[in-house]
Amino acid sequence: MASWLMKTEPDVCSFDDIWKAPKRTTGWDGVRNYQARNFMRDQMQVGDEVFIYHSNAEPPGIAGIAQVASSAYPDPTQFDPTDPHYDPDSSRESPRWMQVDVKAVKKLPRFVPLDALRANPKLAGMRLLQRGNRLSITPVTAAEWRAILAMGGV
DNA sequence: GCCAACGTTGGC
DNA sequence: GCCAACGTTGGC
């Protein structure tokens, strides 16, 4: 089983929003980056564990644990001209953008802020923390996963 | 609101 | 295929 970190802006969709959604599950739509799409399409498996990270937040950081709840399927927002993520160059015959479903599993007893992640030497190599990283979906190693769980009080 | 970093686009 | 221009991300 693989582990991942997925960024979301809590003003748009927070961990609590996923928790409160029907079946605690939401479609992870709106990804418009090929590398992130390829992670979902080619590598994610149902049951993979996911940290939900709040970006553009005060403070930014990891709020909870989720799991991948579906394999990848076409993101419907790419076909909707009224949606901000509409992509006129995509087609239903050959969809460009994919999404997975994500199910909330557990809120971390302690929110783990970005500055705490940066301060932990065990996480020095973490993809999220590398200079200039903007990727909204990144792999998490088993050691990183364990270290962050401990920081979050699990 | 600023701006560094990065991905994408499109002219050539 | 190069690369300048542009748009976006996301911490601060």
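Since the model is a prediction, treat every value here as computed from it, not as a measurement.
One side chain, A:T77 or A:D75, offers a donor N or O that lies under 3.5 Å from an acceptor on the other. Side-chain N/O atoms of A:S3 and A:E49 include a donor and acceptor closer than 3.5 Å.
Taking the ring centroids of A:W97 and A:Y86, they lie at or beyond the 6.0 Å cut-off. When ring centroids are compared, A:W4 and A:F39 come within the 6.0 Å threshold.
For the residue pair A:N133 and A:L135, the shortest heavy atom distance occurs at OD1-N, 3.2 Å.
Counting heavy atoms from C-beta outward, A:I52 and A:T8 have side chains that approach closer than 4.5 Å.
Using cut-offs of 30° and 60° for the angle between ring planes, the A:F51 and A:W145 rings count as parallel.
Between its opening and closing five pairs, the helix from B:dG1-C:dC12 to B:dC12-C:dG1 changes axis direction by 10°, a value rounded to 10 degrees.
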How does protein reach along nucleotides 2-12 of chain C, written 5' to 3' as B (base within reach of a heavy atom under 4.0 Å), S (only sugar-phosphate), or - (no contact)? -----BBBBBS
